[in-house]
There are 2 protein chains.
Amino acid sequence: MPPTDHRPLTLRDVSEASGVSEMTVSRVLRNRGDVSQATREKVLEAAKTLGYVPNKIAGALASQRVNLVAVIIPSLRNMVFPEVMSGISQELEETELQPVVGVTDYLPEKEDKVLYEMLSWRPSGVIIAGLEHSDASRAMLKASGIPVVEIMDTDGHPVDCAVGISHRRAGREMARAIVKAGYTNIGFMGTKMPRDHRARKRFEGFTEQLAKSGIEIMDREFYSGGSALAKGREMTAAMLERTPELDFLYYSNDMIGAGGLLHLLDRGIAVPGQIGLAGFNGVELLDGLPRRLATMDACRTEIGRRAAQIIAARVADPAAPVAPVVELSPRIEYGDTLRRR
Amino acid sequence: MPPTDHRPLTLRDVSEASGVSEMTVSRVLRNRGDVSQATREKVLEAAKTLGYVPNKIAGALASQRVNLVAVIIPSLRNMVFPEVMSGISQELEETELQPVVGVTDYLPEKEDKVLYEMLSWRPSGVIIAGLEHSDASRAMLKASGIPVVEIMDTDGHPVDCAVGISHRRAGREMARAIVKAGYTNIGFMGTKMPRDHRARKRFEGFTEQLAKSGIEIMDREFYSGGSALAKGREMTAAMLERTPELDFLYYSNDMIGAGGLLHLLDRGIAVPGQIGLAGFNGVELLDGLPRRLATMDACRTEIGRRAAQIIAARVADPAAPVAPVVELSPRIEYGDTLRRR
DNA sequence: GTGAAAGCGCTAACAT
DNA sequence: ATGTTAGCGCTTTCAC
């Protein structure tokens with residue numbers, strides 16, 4: 001076997017193999033312009049037998065167009081983001097655009113880096129989680145001149161436009177429902193992530209609203225690392241030990257809430273009679289637990305869809321009108337752990 | 001405000017702003033070659049104040065190098081894959097390489113499309129889930145001339161090389177452990193996914209090994225869609241109704257296994273005394289359930305790491321020696337649902 | 001319906 | 001240490 005030095009095939013190779021000019025080959029491969037049926041077939045045939053794969057790098061440089069949409073999210077391990085991704089993919093499937101994911105691990109420095117990296121590929125648009133970004137990132141986004149949609153959160157000022165829910169409001173509404181249901185001794189558990197602005201805003205909205213009813217959180221605890229389910233169990237056990245008079249536990253996510261629920265059931269504590277529970281996200285994952293945890297849907301797929309729609313519309317027509325902020329309205333799902341009044 | 005027509009900045013702009021040749025600007029921005037401290041600072045200053053972001057498309061075309069590694073997986077919604085991704089990211093973090101994800105939804109046609117799409121960006125390597133690909137995909141991978149690592153599975157013949165576990169063996173080993181523990185009336189539950197070759201291979205290995213002990217599966221059921229936990233519950237209930245003499249249930253993944261476990265506990269059935277259970281994957285997610293489900297770790301992070309290492313090594317030195325197949329050895333985790341003999 | 005020429009924004013290779 | 005030249009593989013534009 002000859003030492004096949006792997007020079008990738010070029011348009012020229014297809015051109016020579018088919019006896020058609022590079023230009024016409026290019027037209028056939030992109031379905032652009034009029035090409036006779038005869039030449040079209042010759043070209044396709046040649047391209048296929050050679051195994052030609054077009055070079056998008058050269059194409060993008062020449063055409064100044066890149067069909068990529070940069071999607072920048074904090075993590076893939078929190079089910080929320082894959083679900084947003086699905087919404088985005090579904091919507092972009094109908095277009096020429098393709099999502100490309102970058103992960104920041106909730107680190108602003110990494111966000112800067114990932115964003116810079118992605119922008120250097122000159123994508124057609126950016127979808128980025130959250131409204132809190134470094135000055136450097138905001139500057140890059142503004143200077144990029146491409147459509148930018150900030151997702152998940154609407155409490156703040158987008159660079160370009162935003163699609164999400166108000167986490168502050170979500171926290172307030174949950175507080176209202178809990179107070180209305182007659183609970184007064186309330187504990188909070190969440191993740192120890194100062195960078196998780198959305199969890200923070202929910203917490204703030206929650207405590208503010210409680211304050212309006214003259215209620216203050218009786219106990220709180222934050223965790224990091226490990227299995228959320230197990231942590232929910234442990235934290236709940238510890239908190240009830242410490243503060244036995246609690247009658248409601250609000251969790252910053254459904255997984256730790258589920259852990260808490262399992263602990264209470266193990267202990268034979270009446271839910272929601274003796275102690276009520278609520279989480280956040282509405283993860284389908286948990287359907288199938290002995291009780292359905294009260295929660296609030298974060299509208300993940302819908303957010304992805306809407307964001308993708310905006311990008312697609314702006315790519316199709318840069319002058320397309322865009323609402324600066326699209327705020328979706330999640331509803332409380334009472335499930336079986338928050339009594340209704 | 002003048003109608004800022006957004007021509008993105010080029011090297012030339014930085015060159016003019018700093019009074020340094022384009023070539024030297026390029027050198028500074030890439031930390032290549034000797035540049036005096038003075039010019040370096042001038043250039044960095046100019047680039048920063050202008051907000052210049054290099055154009056990787058042009059860079060890649062000129063240098064014929066693209067620091068991207070294509071990672072092609074069936075789904076992001078199955079936690080297995082984000083975990084593999086983490087392993088890959090961790091490992092690539094130390095290099096210049098960057099992972100780019102493509103999702104196939106377990107559809108061969110989509111795999112062809114995604115692969116073609118990614119290869120057209122001329123990545124430095126490909127990491128792709130599974131060993132089963134269309135002829136078209138195998139041909140593309142071979143012709144690409146770049147390192148290709150097929151992951152997750154080692155039962156078959158890789159195009160280039162593979163890192164994973166033998167799912168057939170995993171199925172056999174679980175069968176052996178179950179038989180050894182004295183269970184004989186065995187049921188199986190899994191996903192209705194003819195495309196999930198790894199689940200299929202586990203099932204095949206499982207039944208083959210049982211056959212050697214003269215045991216045949218007594219009942220089986222496959223589901224699709226919906227929450228795995230809930231489905232596990234339902235299927236388990238239905239199966240025990242139908243075939244009450246079952247004393248062991250083997251699930252193709254931990255989520256449905258967990259659903260089954262919750263059902264049995266609700267019903268007050270002794271686990272693993274009356275009925276034993278086992279799943280597959282070793283998802284940390286589930287730590288915190290009332291019992292730890294017997295399972296087998298799929299070595300997800302490790303697989304990602306190893307695959308990334310291979311790509312990185314081959315990019316650094318194309319002649320680097322590579323083992324054609326790296327087979328990791330998952331161990332049975334007995335947990336609390338499979339008695340030990 | 002098809003082709004030829006110019007150039008997209010960078011970097012390799014070679015000056016100086 | 002810095003600059004010059006010639007492309008990378010395509011697409012745009014214009015000519016036929």
Side-chain angles (χ1 to χ4, degrees), chain A residues 5-44 46-47 50-67 96 117 119-124 144-145, chain B residues 5-44 46-47 50-67 96 117 119-124 144-145:
Chain A
D5 86 301
H6 257 300
R7 177 182 63 74
L9 296 163
T10 68
L11 258 191
R12 170 173 225 124
D13 296 307
V14 181
S15 162
E16 284 169 2
S18 62
V20 175
S21 78
E22 285 188 44
M23 196 51 240
T24 300
V25 172
S26 169
R27 282 199 264 258
V28 171
L29 266 23
R30 287 175 302 143
N31 290 313
R32 282 266 192 315
D34 296 322
V35 181
S36 73
Q37 190 55 30
T39 31
R40 149 170 263 94
E41 277 164 17
K42 253 193 301 188
V43 169
L44 257 19
L50 289 177
Y52 172 69
V53 176
N55 184 331
K56 287 220 181 195
I57 296 178
L61 184 61
S63 67
Q64 306 279 60
R65 274 175 297 100
V66 178
N67 296 322
E96 300 275 65
E117 212 57 39
L119 288 180
S120 72
W121 287 101
R122 300 287 188 266
S124 293
S144 69
Chain B
D5 85 302
H6 257 301
R7 177 181 62 74
L9 297 164
T10 68
L11 257 192
R12 170 173 223 125
D13 296 309
V14 182
S15 163
E16 285 170 0
S18 62
V20 176
S21 79
E22 287 187 43
M23 196 53 234
T24 301
V25 172
S26 170
R27 284 199 263 259
V28 171
L29 266 22
R30 288 177 300 144
N31 289 313
R32 282 268 191 315
D34 296 321
V35 181
S36 75
Q37 191 56 32
T39 30
R40 148 170 264 94
E41 276 163 17
K42 252 193 303 188
V43 169
L44 258 18
L50 289 177
Y52 173 69
V53 176
N55 184 332
K56 288 220 180 194
I57 296 178
L61 184 61
S63 67
Q64 307 278 60
R65 274 179 295 97
V66 177
N67 296 322
E96 299 275 63
E117 209 62 36
L119 287 180
S120 72
W121 287 101
R122 301 287 187 265
S124 292
S144 70

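When reading the values below, keep in mind they use all heavy atoms of this one structure, side chains included, and skip hydrogens, waters and symmetry mates. Residue numbers begin at 1 in each chain, while the letters A, B, ... track the order of the sequences.
For the residue pair B:S36 and B:R40, no side-chain donor N or O sits within less than 3.5 Å of a side-chain acceptor on the partner.
Other residues, nucleotides and ligands contribute only 12 or fewer heavy atoms inside 6.0 Å of the CD atom of A:E96. By the 6.0 Å contact criterion, CZ on B:R30 is enclosed, its count of non-hydrogen atoms from other residues, nucleotides or ligands being greater than 12.
Contacts between residues 10-28 of chain A and DNA chain C, defined by a heavy-atom separation under 4.0 Å, are made by A:V20, A:S21, A:M23, A:T24, A:R27. A heavy atom closer than 4.0 Å to some atom of DNA chain C occurs in A:L61, these being the qualifying members of residues 51-61 of chain A.
Applying the 4.0 Å criterion to OP1 and OP2 of D:dC8, one finds that B:S63 has every side-chain N and O outside that range. Close to D:dG9, at under 4.0 Å from its OP1 or OP2, lies a side-chain N or O of B:Q64.
You can see that DNA chain C meets the heavy atoms of chain A within a 4.0 Å-exclusive cut from C:dG1 to C:dG9, reading 5' to 3'.
Remark: side-chain polar atoms of A:S18 are not paired, donor with acceptor, to backbone N or O of A:A46 under 3.5 angstrom. Although no hydrogens or angles enter the test, the distance criterion places no donor-acceptor pair under 3.5 Å between the side chain of B:S120 and the main chain of A:V53. Of the possible donor and acceptor atoms, one in the side chain of A:S15 sits under 3.5 Å from a partner among the backbone N and O of A:V20.
Residue contacts shown for B:R65 are limited to sugar-phosphate atoms, with no base heavy atom under 4.0 Å away.
Between the CG atom in B:L11 and the OG1 atom in B:T24 there is a gap of 10.5 Å [rounded to 0.5 Å].
With contacts defined as side-chain heavy-atom distances shorter than 4.5 Å, the pair A:Y52/A:L29 qualifies. Proximity of B:L61 to B:I57: side-chain heavy atoms (C-beta onward) are nowhere separated by under 4.5 Å. Looking at heavy atoms from C-beta onward, B:R7 lies in side-chain contact with B:D13 at the 4.5 angstrom threshold. Side-chain contact between A:V28 and A:L44 is present, with at least one heavy-atom pair separated by less than 4.5 Å.
Both A:P8 and A:R32 lie near DNA chain D, and the one whose nearest nucleotide falls closer to the 5' end is A:P8.
To the nearest angstrom, P of D:dG9 lies 16 Å from CG of A:L29.
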